[in-house]
Amino acid sequence: MKSSSWCPRSAQNNETLSAAQRGRDSSGMDARIGINAEEGVVIEINVESDSYFADFVEQWDSTEEPARSLLRAENWMPTAIIAQLNEDALSDIAYINQGADGLGQLNFHFQDAENGFNSEPDWIGSIDTRGDMQLVDIDNDKLLDLLRVTGEGNERSAYFYRNQNGSFDLEQPNQVMRFSGYDVRLNVIPLEQGSAPLLNVSYYTIPVVDAIRNASINRSQLLFGSDDVGENQFFNRRPDSRLDESFSAANVRGLSEQMSLQYDIDGDGRKDAIFVTENGTLAAKKINEDLTIQSQPFWEYISPKTVFEFQVLQLNQDSKPDLLLRHGTTTTFLVGAP
């Protein structure tokens, strides 16, 4: 027999309660009783309380005059960031706002060792703010370059702009790459400390014939080196390696998380390919010198619960990689052994 116990709540004026715990008299309770052959009499009691954020978000008629909206998502702009944008080794400020022409405007404020920052930006550039943008050091010169990814449906275009000592030619990208797939992700990663960065591109495709026959989805991992680049470009035009995997209902658990090449799982100083297997375990493969990903994992952690997401963290000061694994409703921490 299953049961739930409860006790009366203290009076409303109980000053020992935190502010978040007060005002909860509108809580609702639901109880059910049942009988089954395995468990006998089963009593279920569910208690629900109003959210502390009730009425925090308001819905309104957008045609109402005057408009009462406090926030409009289409006017949101990314926050300012601190980054190294020119060659003086001082941290600078970059942000996007709306320019006089009504378009997006990229602004740089360069730091001066004596006077700090100017109130007006030292460099501005008009930019299309559609899509995703990030400042990242693509060519390993310690200056942040610009990567912008745009597109609709399963078509994505990536525009790369080189940092020219604190300025960009936003009219002419240094390189444009196009990909066809869903959930396209681009990551610029150095496999080892001090090595030339690589471009890792991952995405999903749905072959029409296979999707009809067995509901399969393909996942692709591309690695672009930089040993045969064109003039003033960043990466090779064709991938140095490609890994294609097919998933269906039989091994759908492997789709829960994209393969990641961002972490060094064994602490040897070189990044590894970490992924969730079709059995719901976490595994890692080596990346060869020719940038191909080995077919068999060199490491696998078999958890009693299926792994859906993972992160590699530094949870202590031993410089060993630690793991955070997310399951359905629980989280597991794995601390690396010395």
Hey, what do you get for CG (L135) to CG (L85), rounding to the nearest 0.5 Å? 6.5 Å
Please answer whether the main-chain N or O of G104 pairs with a side-chain N or O of T129 as donor and acceptor at a distance below 3.5 Å. no
So, N279 and T277: side-chain donor and acceptor under 3.5 Å apart, yes or no? no
Without hydrogens or angle criteria, can the side chains of Q164 and D169 be said to hold a donor-acceptor pair below 3.5 Å? no
Partner set under side chain to side chain donor-acceptor pair (under 3.5 Å) for D122, not counting sequence neighbours: N118
For S180 and E155, which heavy atoms make the closest approach, and how far apart are they? OG-OE1, 3.0 Å
Go through the structure and list residues passing side chain to side chain donor-acceptor pair (under 3.5 Å) with N232, not counting sequence neighbours. R162
Can you tell me which residue pairs pass the ring-ring contact (aromatic ring centres under 6.0 Å, His included) test with a partner in residues 110-145, sequence neighbours excluded? F108-W123
Taking all non-hydrogen atoms of both residues, which atom of A80 and which atom of I93 are closest, and how far apart? CB-CG2, 4.2 Å
Non-neighbouring partners of E289 that pass salt bridge (charged side-chain N to carboxylate O under 4.0 Å, His left out), sequence neighbours left out: R270
Mind checking the OG-CD spacing from S126 to Q105? Nearest 0.5 Å is all I need. 7.5 Å
Distance-minimising heavy-atom pair for N165 and N86: OD1-CB, 3.3 Å
Sidechain-backbone polar pair: N187 side chain, I189 backbone, donor-acceptor under 3.5 Å: no
Residue set satisfying side chain to side chain contact (heavy atoms under 4.5 Å, CB included) with T330, at least two apart, ordered chain then number -> K305, H327
Suppose we screen for side chain to side chain donor-acceptor pair (under 3.5 Å). Which residues come up paired with D132, at least two apart in sequence or across chains? none
Which pair of heavy atoms, one from P197 and one from S226, lies closest together, and at what distance? O-OG, 4.3 Å
Looking at Y159, is R148 sitting on its ring face, NZ or CZ under 6.0 Å from the six-membered ring centre and within 45 degrees of the normal? yes
Sequence-distant partners of Q258, side chain to side chain contact (heavy atoms under 4.5 Å, CB included), two or more places apart: D183, R185, S202, Y204, R219, Q221
Taking the side chain as every heavy atom from C-beta outward, state whether N218 and I206 have any pair of such atoms under 4.5 Å apart. no
Should W299 and V312 be regarded as members of a common hydrophobic cluster, given that ILVMFWY residues are connected when their side-chain heavy atoms come within less than 4.5 Å of each other, either directly or indirectly? yes
Under a 4.5 Å cut-off applied to non-hydrogen side-chain atoms, are L324 and T331 in contact? yes
For T205 versus G181, what's the shortest heavy-atom pair and its separation? CG2-CA, 4.1 Å
Output for pair (L191 CG, L198 CG), nearest 0.5 Å, gives 4.5 Å
Would you call F310 and I274 a side-chain contact if the rule is heavy atoms closer than 4.5 Å? yes
Could you work out the complete set of other residues in the hydrophobic cluster of I138, with links drawn between I, L, V, M, F, W and Y side chains under 4.5 Å apart? V136, L147, V149, F160, M177, F179, V184, L186, V188, L199, V201, Y203, L222, F224, F234, F235
Quick one: list whatever passes side chain to side chain donor-acceptor pair (under 3.5 Å) with N163, sequence neighbours left out. none
Members sharing I124's hydrophobic cluster (side chains within less than 4.5 Å): none
D92 side-chain N/O to Q111 backbone N/O, donor-acceptor pair under 3.5 Å: yes
Would a 4.5 Å heavy-atom cut-off, applied to side chains only, mark Q98 and L103 as touching? no
Here the gap from S220 atom OG to L243 atom CG, rounded to the nearest 0.5 Å, amounts to 8.0 Å
Is it possible for you to say whether M133 and L106 belong to one hydrophobic cluster, with membership spreading through side-chain heavy-atom contacts below 4.5 Å? yes
List in chain and number order the residues that pass side chain to side chain contact (heavy atoms under 4.5 Å, CB included) with F298, two or more places apart in sequence or in another chain; answer none if no residue qualifies. I265, D266, D272, A284, K286
Working to the nearest 0.5 Å, report the span between OG1 of T306 and CG of L325. 11.5 Å
Residues which pass side chain to side chain contact (heavy atoms under 4.5 Å, CB included) with N236, listed by chain and number, not counting sequence neighbours: D227, D228, V229, D240
Do L323 and V335 belong to the same hydrophobic cluster, where Ile, Leu, Val, Met, Phe, Trp and Tyr are linked whenever their side-chain heavy atoms lie under 4.5 Å apart, directly or via other members? no
Evaluate side chain to side chain donor-acceptor pair (under 3.5 Å) for N288 paired with Q294, printing each intermediate quantity in order. CA-CA 7 Å; N288 300 319; Q294 293 184 0; 2.9 Å; yes
Scanning both residues in full, the closest heavy-atom pair of I293 with A273 reads CG2-CB, 4.0 Å
Common cluster, L143/F168, ILVMFWY with side-chain heavy-atom separation under 4.5 Å: no
Single-linkage hydrophobic cluster V276~Y263, side-chain heavy atoms < 4.5 angstrom: yes
What distance do Q134 atom CD and I81 atom CD1 have between them, rounded to the nearest 0.5 Å? 10.0 Å
